[in-house]
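Throughout, residue positions are numbered sequentially from 1 according to the sequence presented. Just the heavy atoms: all of them, side chains too, but no hydrogens, waters or symmetry mates, feed the values below.
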Amino acid sequence: MANRIILNETSYHGAGAIHEIPGEVTKRGFKKAFVASDPDLIKFGVTAKVTKILEENGLEYEIYSDIKPNPTIENVQTGVAAYKKSGADYIIAIGGGSSMDTSKAIGIIIANPEYEDVRSLEGVAPTKNPSVPIIAVPTTAGTAAEVTINYVITDVEKKRKFVCVDPHDIPVVAIVDPDMMASMPKGLTAATGMDALTHAIEGYITKGANPITDMFNLKAVELIGKSLRGAVDNTPEGREGMALGQYITGMGFSNCGLGIVHSMAHALGAVYDTPHGVANAILLPAIMEFNAEATEEKYRDIAKAMGVEGTELMSQEEYRKAAVAAVRKLSEDVGIPADLTSIVKKEDIQFLAESAAADACAPGNPKEASLEDIIRLYQSLM
């Protein structure tokens with residue numbers, strides 16, 4: 001079987017990378033940017049770091065900021081209308097997964113108007129045209145949406161998130177500048193960092209994993225494992241390591257899929273608006289325990305990448321426990337809650353489990369998970 005790998009045309013990495021934007025815009029002949037960024041980033045001057053560079057280079061732009069942390073169908077619809085009125089010919093997405101995902105959906109619908117009903121893009125949509133060109137500038141080290149072919153939209157009416165998978169949505173340019181992440185508060189740094197670790201671990205053990213994606217995902221586990229604590233403390237080394245680690249796992253998991261950690265986290269986000277990284281971090285250790293028997297020797301690799309010593313002398317049971325313990329310890333060290341008690345209502349568990357079982361990420365899980373299994377996993381964290 002052939003393994004498909006899809007990546008950005010171009011990406012820039014390192015402090016000051018945002019200064020490469022004008023050159024890319026000019027080289028590609030773009031005229032006006034539709035700058036999609038969430039209200040908090042605008043309020044705190046993060047978006048302005050990019051728009052100032054556009055202004056200094058005489059590049060025209062218009063800002064769109066009707067974006068929620070878990071972007072909704074309405075955010076996309078109003079964005080499509082705003083893009084049409086703006087006269088823009090490309091998008092600059094500045095922010096975390098919310099800005100990126102909203103931008104991807106807008107760009108796909110503008111280029112493929114037959115999919116104006118956002119729900120029609122769920123799953124693998126057979127769009128014919130590449131998205132409006134997107135230059136992606138992440139401000140969080142977590143989602144890696146700047147290099148993936150996925151985006152997630154919330155259907156508020158049905159209280160569910162749906163995953164869209166489309167090779168046409170990948171940004172043409174990714175600008176991964178750790179300086180753009182330096183203003184993230186500790187809580188957001190921790191949550192998005194654990195999201196990145198979940199991508200790396202789920203991507204490494206998913207059914208769709210292959211030698212190329214394994215290379216990316218395992219290296220990402222190593223980088224994130226040694227960088228996240230420093231990033232939470234806002235050290236330059238921590239920020240740089242997380243910026244790179246989250247992008248590297250994006251190259252991996254986007255090309256092999258994820259599992260039920262993400263399925264179950266999507267359900268929590270849709271019902272309770274739970275931050276995605278927090279949901280992933282709480283769920284990850286318990287689901288690693290559930291999946292362990294279906295992972296062969298991969299937990300030995302994960303434990304070693306997380307900094308556990310002596311893994312080569314451990315039994316299978318020992319290194320599997322060590323991998324889970326290392327993940328749980330990192331989550332604890334960066335301040336993630338230990339369980340779902342303050343988030344989930346018992347009467348919602350059946351609906352949450354049904355949503356998770358129907359999620360597009362579920363089939364990639366290395367171990368088959370029934371509806372009853374998912375219910376028990378939610379209950380175990382209450």
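Without hydrogens or angle criteria, Asn75 side chain to Asp66 main chain gives a donor-acceptor distance under 3.5 Å. In this structure a side-chain-to-backbone donor-acceptor pair under 3.5 Å is present from Tyr378 to Met264. Between the side chain of Thr143 and the backbone N or O of Ala145 there is at least one donor-acceptor pair closer than 3.5 Å. For the pair Thr206 (side chain) and Ala209 (backbone), a donor-acceptor distance under 3.5 Å is absent. Remark: side-chain polar atoms of Gln246 are paired, donor with acceptor, to backbone N or O of Ala144 under 3.5 angstrom. With hydrogens and angles ignored, the 3.5 Å screen pairs no side-chain donor or acceptor of Thr154 with any backbone N or O of Val156. Under a 3.5 Å cut-off, the side chain of Ser120 and the backbone N or O of Asp117 do form a donor-acceptor pair. Remark: the backbone N or O of Ala200 is paired with a side-chain donor or acceptor of Thr249 at under 3.5 angstrom. Looking only at distances, a side-chain donor or acceptor of Thr235 sits under 3.5 Å from a matching main-chain atom of Gly230.
With contacts defined as side-chain heavy-atom distances shorter than 4.5 Å, the pair Ile282/Ile343 qualifies. Under the 4.5 Å side-chain criterion, counting only non-hydrogen atoms from C-beta, Glu114 is in contact with Asn112. Looking at heavy atoms from C-beta onward, Tyr299 lies in side-chain contact with Val324 at the 4.5 angstrom threshold. Two residues are said to be in side-chain contact when any heavy atoms from C-beta on lie closer than 4.5 Å; Leu340 and Leu268 meet this criterion. Within the 4.5 Å cutoff, no side-chain heavy atoms of Lys345 are placed close to those of Met382.
Taking all atoms of both residues into account, the shortest heavy-atom contact from Gly203 to Leu258 is N-CD2, 4.1 Å. Ala93 and Ser99 make their closest contact through CB-O, 4.1 Å (heavy atoms, listed as atom of the first residue, atom of the second, distance). For the pair Ala196 and Met242, the tightest heavy-atom approach, listed with the atom from each and the gap, is CB-CE, 4.4 Å. Across Ser98 and Pro69, no two heavy atoms sit closer than the pair CB-O, 3.4 Å. Scanning both residues, Leu371 and Gln350, for their nearest heavy atoms gives CD2-NE2, 3.7 Å. The shortest heavy-atom contact between Asn365 and Ile260 is OD1-N, 3.1 Å.
Atom NZ of Lys32 has more than 12 heavy atoms from other residues, nucleotides or ligands within 6.0 Å. Residue Glu317 places its CD atom among 12 or fewer non-hydrogen atoms of other residues, nucleotides or ligands, all under 6.0 Å distant. Taking a 6.0 Å sphere around NZ of Lys49, one finds it holds more than 12 heavy atoms contributed by other residues, nucleotides or ligands. Atom CD of Glu347 has more than 12 neighbouring heavy atoms from other residues, nucleotides or ligands inside a 6.0 Å radius. When the shell of 6.0 Å around CD of Gln379 is examined, it contains more than 12 heavy atoms from other residues, nucleotides or ligands.
Screening Thr198, Ile205, Ile201 against Met288 for a side chain to side chain contact (heavy atoms under 4.5 Å, CB included) leaves a single residue, Ile201. Applying the side chain to side chain contact (heavy atoms under 4.5 Å, CB included) test between Arg28 and each of Val173, Ile135, Asp89 identifies Val173 as the sole match. Of the listed residues (Asp179, Thr189, Asp233), just one forms a side chain to side chain contact (heavy atoms under 4.5 Å, CB included) with Arg239, and that residue is Thr189. With Arg160 as the partner, the side chain to side chain donor-acceptor pair (under 3.5 Å) test is satisfied by one option alone out of His266, Glu122, Glu354: Glu122. The only option from Tyr61, Tyr90, Tyr83 that meets the side chain to side chain contact (heavy atoms under 4.5 Å, CB included) definition with Phe34 turns out to be Tyr83.
Thr127 and Asp166 share a donor-acceptor pair across their side chains, judged by distance under 3.5 Å alone. When only modelled atom types and interatomic distance are considered, Tyr64 and Thr78 share a side-chain donor-acceptor pair under 3.5 Å. With 3.5 Å as the limit, one finds a donor-acceptor pair spanning the side chains of Asp348 and Tyr272. Using modelled atom types, one finds no donor on one side chain facing an acceptor on the other under 3.5 Å when comparing Thr213 with Asn255. Checking Lys104 against Thr148 by side-chain atom types alone, a donor-acceptor pair falls below 3.5 Å. When only modelled atom types and interatomic distance are considered, Asp373 and Ser370 share a side-chain donor-acceptor pair under 3.5 Å.
Note on Phe162 and Val261: separate hydrophobic clusters, where clusters join Ile, Leu, Val, Met, Phe, Trp and Tyr whose side-chain heavy atoms are under 4.5 Å apart, directly or indirectly. Taken together through direct or relayed side-chain contacts under 4.5 Å among Ile, Leu, Val, Met, Phe, Trp and Tyr, Leu197 and Phe216 form parts of separate hydrophobic clusters. Ile106 and Val163 fall into different hydrophobic clusters, where Ile, Leu, Val, Met, Phe, Trp and Tyr are joined by side-chain heavy atoms under 4.5 Å apart, directly or via other members. A chain of hydrophobic side-chain contacts below 4.5 Å, direct or via other Ile, Leu, Val, Met, Phe, Trp or Tyr residues, connects Val271 to Leu377.
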Start with the C-alpha gap between Thr274 and His276, add the side-chain angles, then the distance that decides, and say whether side-chain hydrogen bond (donor to acceptor under 3.5 Å, both in side chains) holds.
-> CA-CA 6 Å; Thr274 310; His276 182 59; over 6 Å; no
Go through the steps to decide whether Asn8 and Tyr247 satisfy the test side-chain hydrogen bond (donor to acceptor under 3.5 Å, both in side chains), and finish with yes or no.
-> CA-CA 11 Å; Asn8 304 115; Tyr247 183 87; 2.7 Å; yes
For the pair Ile42 and Ile63, evaluate side chain to side chain contact (heavy atoms under 4.5 Å, CB included) and give the outcome as yes or no after the intermediate values.
-> CA-CA 9 Å; Ile42 294 170; Ile63 291 179; 3.6 Å; yes
Before giving the answer on side chain to side chain contact (heavy atoms under 4.5 Å, CB included), spell out for Met184 and Thr192 the whole-Å C-alpha distance, their side-chain angles and the decisive distance to 0.1 Å.
-> CA-CA 10 Å; Met184 274 197 299; Thr192 57; 4.1 Å; yes
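Ion pairing of Lys27 with Glu24 is present here, as a side-chain N (NZ or NE/NH1/NH2) and a carboxylate O approach within less than 4.0 Å. Using a cutoff of 4.0 Å between basic side-chain nitrogens and carboxylate oxygens, Asp301 and Lys304 are not scored as salt-bridged. Between Lys52 and Glu55, none of the side-chain N atoms (NZ, or NE/NH1/NH2) sits under 4.0 Å from a carboxylate O, so this pair counts as no salt bridge. Salt bridge present: Lys207 and Glu368 bring a charged side-chain N and a carboxylate O closer than 4.0 Å. Between Lys367 and Glu293 there is a salt bridge, since a side-chain N of the basic residue sits under 4.0 Å from a carboxylate O of the acidic one. Between Lys298 and Asp214 there is a salt bridge, since at least one side-chain N of the basic residue sits less than 4.0 Å from a carboxylate O of the acidic one. Glu237 has no carboxylate O lying under 4.0 Å from a charged side-chain N of Lys226, or vice versa, which leaves the two without a salt bridge.
Atoms CG and OG, on Leu188 and Ser183 in that order, are 9.0 Å from each other to the nearest 0.5 Å. Distance NZ/Lys219 to CD1/Ile224: 11.5 Å, rounded to 0.5 Å. Atom CD1 of Ile302 and atom CZ of Arg320 lie 10.5 Å apart (nearest 0.5 Å). Between the CG atom in Leu218 and the CG atom in Leu223 there is a gap of 10.0 Å [rounded to 0.5 Å].
At least one test fails for Lys159 against the ring of Phe351: distance under 6.0 Å to the centre or angle within 45° of the axis.
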